[in-house]
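For reference, the structure discussed in these notes is given below.
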Amino acid sequence: MRHPSARALHAYWDRLRRGRPAPERSEIEPGQIGRLLGDIVLLEGGGFERFKVRLAGTRLCALLGKEVRGKSFVSLFARTDRAALLALLDETASEAVPGIAAVIGETEQGQSIEMELLLLPLRYRGDSHARMLGILAPLEVPYWVGSHPLGELRIRSLRLHREDGEATLAPSAPRPARAHLRLVHSGTD
């Protein structure tokens with residue numbers, strides 16, 4: 001994980017789970033992650049529109065130039081990247097491991113920004129596929145952020161963060177994620 005906020009959220013999530021695959025949604029205390037809330041996204045897992053945004057931070061909405069609560073999270077991304085993002089979301093929920101994506105956002109004026117997406121599974125009333133906590137934060141904040149909204153987001157890379165290493169996912173492959181995982185030993189992050 002490259003972004004300090006992603007590392008901080010991961011450490012908080014890891015402390016909450018206390019050896020379990022994922023903590024309960026009810027264990028999340030917003031006051032404990034107050035400085036991260038502007039970049040936070042909370043996703044709802046099940047139903048017809050999988051991974052609908054339940055909550056989105058103010059910095060994230062300002063970056064996108066719109067309120068995203070109630071929208072499909074996947075719809076914020078380029079159509080060509082949606083199948084790969086769904087594969088990452090599904091694997092993150094199924095395996096109860098963090099999912100990480102390198103993301104590029106671009107404005108209509110051609111300005112671009114590198115971002116990091118961290119996805120963390122949460123249990124909700126015993127269901128391991130019901131909620132997901134995430135953070136989508138720019139690696140650097142250029143002067144124009146907030147004055148020109150980002151259009152569709154694009155994925156540069158995807159990976160699952162496992163305790164025994166990371167598995168890289170091919171971002172453009174429409175096949176199920178298990179068909180194209182490659183284990184990469186990363187040491188400590």
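Because the structure is a prediction, the values reported are computed rather than measured.
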What verdict does the side-chain contact (heavy atoms from CB on, under 4.5 Å) test give for Ile40 and Leu55, after you've listed the backbone C-alpha separation in whole Å, the side-chain angles of each residue and the deciding distance to 0.1 Å?
CA-CA 8 Å; Ile40 291 282; Leu55 297 169; over 6 Å; no
Evaluate the side-chain contact (heavy atoms from CB on, under 4.5 Å) criterion for residues His3 and Leu139: first the C-alpha distance (whole Å), next the side-chain angles of each, then the deciding distance (0.1 Å), finally the verdict.
CA-CA 6 Å; His3 199 284; Leu139 295 177; 4.0 Å; yes
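Ile113 is not listed as a side-chain neighbour of Glu140, based on a closest heavy-atom distance of 4.5 Å or more. Side-chain contact between Leu117 and Ile100 is absent, with no heavy atoms from C-beta onward closer than 4.5 Å. With contacts defined as side-chain heavy-atom distances shorter than 4.5 Å, the pair Ser5/Arg35 qualifies. Side-chain contact between Leu88 and Ile155: absent, with no pair of heavy atoms (C-beta onward) separated by less than 4.5 Å. Residues Met132 and Leu120 are not in side-chain contact: their nearest non-hydrogen atoms beyond the backbone lie 4.5 Å or more apart.
Annotation for Leu158 and Ala84: closest pair CD1-O, 3.5 Å, computed over non-hydrogen atoms. Taking each heavy atom of Val41 and Leu43 in turn, the nearest pair found is CG2-CD2, 3.6 Å. Of all heavy-atom pairs between Ala56 and Cys61, the closest is CB-SG, 3.8 Å. What you find for Leu118 and Ala6 is that their closest heavy atoms are CD2-O, 3.2 Å. Taking both residues in full, the closest heavy atoms of Met115 and Pro138 are given as CG-CA, 3.9 Å, listed atom of the first, atom of the second, then distance. Nearest heavy atoms, Pro21 versus Trp13: O-CZ2, 3.7 Å.
To the nearest 0.5 Å, atoms CZ (Arg17) and CG (Leu122) are separated by 11.5 Å. The NZ atom of Lys52 lies 13.0 Å from the CG atom of Leu42; values are rounded to the nearest 0.5 Å. Note: Phe51 CZ to Thr92 OG1 = 8.0 Å, rounded to the nearest 0.5 Å. For the atom pair OG1 (Thr58) and CG (Asp39), the distance works out to 8.0 Å, reported to the nearest 0.5 Å. How far CE of Met1 is from CG of Leu9: 9.5 Å, rounded to the nearest 0.5 Å. How far CZ of Arg131 is from CD1 of Ile28: 12.0 Å, rounded to the nearest 0.5 Å.
Using a cut-off of 4.0 Å between Lys/Arg side-chain N and Asp/Glu carboxylate O, Asp81 and Arg154 are scored as not salt-bridged. Look at Arg82 and Glu152 and you find a salt bridge, because one of the NZ, NE, NH1 or NH2 atoms lies within 4.0 Å of a carboxylate O, short of that distance.
Other residues, nucleotides and ligands place no more than 12 heavy atoms under 6.0 Å from the CZ atom of Arg79. The number of heavy-atom neighbours closer than 6.0 Å to CD of Glu108, taken from other residues, nucleotides and ligands shown, is 12 or below.
Under a 3.5 Å cut-off, the side chain of Arg7 and the backbone N or O of Arg2 do form a donor-acceptor pair. In this structure, Glu67 contributes its side chain and Arg69 its backbone to a donor-acceptor pair below 3.5 Å.
Screening Val74, Leu76, Val68 against Ser72 for a side chain to side chain contact (heavy atoms under 4.5 Å, CB included) leaves a single residue, Val74. For the pairing with Glu27, the salt bridge (charged side-chain N to carboxylate O under 4.0 Å, His left out) check across Arg123, Arg15, Arg20 returns one residue only, Arg20.
By the rule that hydrophobic residues join a cluster once side-chain heavy atoms approach within less than 4.5 Å of another member, Val141 and Leu64 end up as members of one cluster.
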